[in-house]
Amino acid sequence: MNFFRYQHQARRATTRLVLLFVLAVLAIVLAVNLAAYPVLGGDLQAQALLSLATALVIGIASWWRVRALRGGGALIAAQMGGRLVPADTSDPLLRRYRNVAEEMAIAAGIPVPLLFVLDDEQGINAFAAGYSPSDAAVAVTRGALLRLNRDELQAVIAHEFSHVLNGDMRLNIHLMGMLFGILMLGVIGRRLLGVVGNSGLGRRRGGLGPLSVAIAAGLAAMIIGAVGVFFARLIKAAVSRQREVLADASAVQFTRNSAGLAGALKKIAGLPQGSRLEDRAGAEEVSHMLFGEGFAYRRWFATHPPMLERIGRLEPGFNAAQLKRLQQRWQQQLPDGLDEDRVLGLGGEVPMVAGAIGSTAGVLAPQRVSGQVANPGNDDYRQAHLLHGQMPPALLAAARSREQAAALVLALLLDGGQTLRQQQLKLVARTLGPAQAQTMGELWPLCASLHAGLRLPLAALAFPALRGNPRPQLQQLVQAIDAMVQLDGELTLFEYCLARLLRTQVIEALDPAAHVHFGRRRVGAVQKEFSLLLSVMAEAGHPGQPALARQAYAAGLQRVVAGQAMVYQPPANGARALETVWPVLDGLEPLAKQLVVESLVAAMAHDGHIRVAEAELLRTVCGVLHCPLPACLQTGN
């Protein structure tokens with residue numbers, strides 16, 4: 001599905017979720033009033049106050065839970081018992097997991113999510129959590145790492161990446177908050193009965209009046225809580241099931257390997273543990289986020305389609321008899337993912353594919369490129385595997401290291417001239433310390449020989465490690481970058497793009513909930529900002545050639561606002577002028593963002609040649625506008 005239309009439809013899904021929440025609250029309020037009727041009778045004022053108090057309890061609980069989840073995906077993964085996977089792990093299972101996730105992140109055009117493993121869970125399951133790709137976390141169970149081969153693990157992670165790319169995670173967090181409020185009365189009832197039991201009142205003689213009231217209130221709250229459980233599970237099923245079908249389809253498109261996803265689903269259906277989680281309370285809260293059912297629900301409340309139905313979409317004709325034969329085979333010997341990798345020859349080199357780094361072969365097609373946004377496919381994963389393999393191991397190790405990630409990002413910005421480079425190193429030594437400057441100097445030769453098309457993907461691999469540093473250190477890093485690029489009085493487009501992505505995908509991730517919203521502006525309302533961005537893109541493709549730049553600008557303009565009186569006016573201060581356009585353009589509605597992307601691609605494709613600077617600017621625009629762009633741009637008509 002087209003990302004921009006999916007985002008447009010996500011508004012409707014959010015509206016439907018709010019409506020279901022309101023209906024659930026009304027049902028709970030009605031149940032509370034029915035339970036209190038023997039006491040309150042026909043006192044309308046008392047009933048109104050009770051209704052208001054009930055609604056306030058639910059509303060405040062929901063608000064508190066969403067507020068508590070502002071830390072994003074890593075917080076949710078940690079609450080589920082997840083352990084952060086070390087970047088430099090030597091565990092072959094975790095190393096394979098990290099390699100797959102890194103390659104997928106490059107393919108999808110997003111920072112590598114923080115990776116967690118649920119060590120105590122032997123079932124095959126996974127989930128993604130967060131507000132946006134910048135703060136996303138992916139968690140898989142130990143059972144998934146042990147039992148799935150590389151293709152199957154890749155398919156499961158691709159399924160979770162589709163939730164990251166489509167914005168499902170944000171809806172999931174709001175759903176967690178709303179459901180917490182709906183279930184709050186049941187929680188209060190259990191706590192009240194627990195207090196009565198622990199206080200010893202139940203063993204005392206006399207004073208039965210207050211005791212009876214407390215017990216009755218606790219029992220009533222628990223019974224009414226059952227109403228909340230009913231609605232909570234119904235809402236989760238209504239919101240989750242169709243999105244899981246879409247995520248399966250997206251995973252197949254991403255990996256171009258339906259057998260991998262089918263194999264993972266077969267192992268869930270055929271192994272005794274399946275996808276069940278031992279942490280039942282945690283599984284209940286995140287069941288709508290999981291790859292497979294966390295525990296058994298009745299069909300009405302199931303958050304996922306039946307397993308045979310999911311497999312049948314991938315392998316028509318697969319039936320229960322075939323599944324039974326697999327179960328019998330696995331009863332004899334449990335599958336081992338790493339052994340299967342060796343037998344199948346998985347994990348080797350991937351051959352070169354079309355559209356490699358550098359200039360793009362063929363003519364870019366605006367609609368095809370916009371269709372790629374958050375929708376990787378057509379060998380994007382294979383291309384990312386190739387790009388990942390072309391990065392020097394020392395640079396990959398630095399990108400994964402919390403201690404060296406900042407030095408790597410700074411080394412990518414070091415000037416080729418020795419005099420200016422020495423000045424930059426001295427500046428970093430003064431602001432960040434001699435150790436950082438020394439590491440920069442050691443990494444610079446490899447960075448200098450790196451293909452220009454690999455610079456931003458490598459920096460994106462370093463962003464998760466950077467996010468592990470305290471906010472003051474990150475702010476110092478941003479200040480050091482600003483000072484470095486200003487030493488020569490010039491700001492190249494690459495320098496600007498790297499600094500801007502750092503702010504968007506690292507700094508914003510420190511408070512992810514504050515930077516995610518649904519825009520409502522249309523392109524016609526932001527003509528000044530759009531014209532400025534298009535002018536910078538046209539100039540990036542034709543430096544020192546104003547006539548050709550005007551033609552490229554006109555080609556992009558025709559895509560969006562044909563006939564409007566807008567003129568090519570590149571800003572005097574170059575890319576720095578773009579700082580004023582981002583808050584405005586990020587406030588565009590999803591379909592308007594699609595038009596902006598297509599207009600930029602039209603300007604890039606005007607002369608049939610794509611410069612690295614143009615591609616880097618396009619990726620930066622898509623990153624800032626929260627429209628992840630895959631690594632390999634699509635060509636054709």
Visitor: With a 4.5 Å heavy-atom cut-off, do Ser531 and Gln569 have their side chains touching?
Guide: no

Visitor: Determine the minimum heavy-atom distance between Arg467 and Gln505, stating which atoms define it.
Guide: CD-O, 3.9 Å

Visitor: Could you go step by step and tell me if Leu396 and Leu461 meet the side-chain contact (heavy atoms from CB on, under 4.5 Å) rule?
Guide: CA-CA 8 Å; Leu396 283 175; Leu461 290 180; 3.6 Å; yes

Visitor: Check the pair Thr504 / Trp582 against side-chain contact (heavy atoms from CB on, under 4.5 Å), numbers first and verdict last.
Guide: CA-CA 10 Å; Thr504 299; Trp582 303 129; over 6 Å; no

Visitor: Scan Glu616, Glu495, Glu579 and name whichever one has a salt bridge (Lys or Arg N to Asp or Glu O under 4.0 Å) with Arg500.
Guide: Glu579

Visitor: Looking at every non-hydrogen atom in both residues, tell me the closest pair between Val100 and Gln154 and how far apart they are.
Guide: CG1-CA, 3.8 Å

Visitor: Under the salt bridge (charged side-chain N to carboxylate O under 4.0 Å, His left out) rule, collect the residues that match up with Arg576, sequence neighbours excluded.
Guide: none

Visitor: For residues Thr431 and Gln476, determine if any side-chain heavy atom of one lies less than 4.5 Å from a side-chain heavy atom of the other.
Guide: no

Visitor: Determine yes or no for a side-chain-to-main-chain donor-acceptor pair under 3.5 angstrom, with Arg455 supplying the side chain and Leu450 the backbone.
Guide: no

Visitor: Within a strict 4.5 Å, meaning less than it, do heavy atoms of the Pro113 and Glu160 side chains meet?
Guide: no

Visitor: Which value, rounded to the nearest 0.5 Å, describes the distance between Leu487 atom CG and Asp415 atom CG?
Guide: 9.5 Å

Visitor: With no hydrogens and no angle check, do the side chains of Glu102 and His388 hold a donor and an acceptor under 3.5 Å apart?
Guide: yes

Visitor: Return yes if a side-chain donor-acceptor contact under 3.5 Å exists between Glu598 and Gln594, otherwise no.
Guide: yes

Visitor: What pair of heavy atoms forms the shortest contact from Phe530 to Leu557, and how long is it?
Guide: CE2-CD1, 4.0 Å

Visitor: Would you check if the side chain of His163 reaches a backbone N or O of Phe127 as a donor-acceptor pair within less than 3.5 Å?
Guide: no

Visitor: Side chains of Tyr568 and Gln551: donor-acceptor distance under 3.5 Å anywhere?
Guide: no

Visitor: Any sub-3.5 Å donor-acceptor pair from Gln473's side-chain atoms to Pro470's backbone N or O?
Guide: no

Visitor: Looking at Met484 and Gln424, what are the two nearest heavy atoms and their distance?
Guide: O-NE2, 3.5 Å

Visitor: Looking at CD1 of Ile157 and CE of Met104, how far apart are the two atoms once the value is rounded to the nearest 0.5 Å?
Guide: 6.0 Å

Visitor: When rounded to the nearest 0.5 angstrom, what distance separates CD1 in Ile106 from CG in Leu456?
Guide: 11.5 Å

Visitor: Got Val612 and Phe494 here, is their nearest side-chain heavy-atom distance under 4.5 Å?
Guide: no

Visitor: Rounded to the nearest 0.5 Å, what separation is found between the CG atom of Leu578 and the OG atom of Ser535?
Guide: 10.0 Å

Visitor: Side chains of Val584 and Lys528: does their closest heavy-atom pair fall under 4.5 Å?
Guide: no

Visitor: Would a 4.5 Å heavy-atom cut-off, applied to side chains only, mark Leu84 and Leu115 as touching?
Guide: no

Visitor: Kindly write out the residues that satisfy salt bridge (charged side-chain N to carboxylate O under 4.0 Å, His left out) with Arg313, not counting sequence neighbours, or none if the list is empty.
Guide: Glu309

Visitor: So, for Met289 and Ala129, which heavy atoms are closest and what is the spacing to 0.1 Å?
Guide: CE-CB, 3.6 Å

Visitor: With rounding to the nearest 0.5 angstrom, report the CG to CG distance, Leu600 to Leu617.
Guide: 7.0 Å

Visitor: Is there a side-chain contact between Val506 and Leu477 in this structure, where contact means two heavy atoms from C-beta onward sitting under 4.5 Å apart?
Guide: no

Visitor: Is Leu466 close to Leu502 at the side-chain level, that is, under 4.5 Å between some pair of heavy atoms?
Guide: yes

Visitor: Take Lys593 and Leu585 through the side-chain contact (heavy atoms from CB on, under 4.5 Å) test and state the conclusion after the steps.
Guide: CA-CA 8 Å; Lys593 289 183 179 181; Leu585 295 183; over 6 Å; no

Visitor: Measure the acute angle between the ring planes of Phe291 and His159, then classify it against the limits of 30° and 60° as parallel, tilted or perpendicular.
Guide: perpendicular

Visitor: Could you tell me which non-hydrogen atom of Ala480 sits nearest to which non-hydrogen atom of Leu432, and how far apart they are?
Guide: CB-CD1, 3.9 Å

Visitor: Would a distance-only check, ignoring hydrogens and angles, find a side-chain to backbone donor-acceptor pair under 3.5 Å from Asp135 to Ser132?
Guide: yes

Visitor: Using modelled atom types and a 3.5 Å cut-off, is there a donor and acceptor pairing between side-chain atoms of His626 and backbone atoms of Val624?
Guide: yes

Visitor: Could you give the distance from CG (Leu446) to CG (Leu412), rounded to the nearest 0.5 Å?
Guide: 11.0 Å

Visitor: Verify side-chain contact (heavy atoms from CB on, under 4.5 Å) between Val621 and Met537, making sure each step is shown before the conclusion.
Guide: CA-CA 10 Å; Val621 171; Met537 175 62 81; 5.5 Å; no

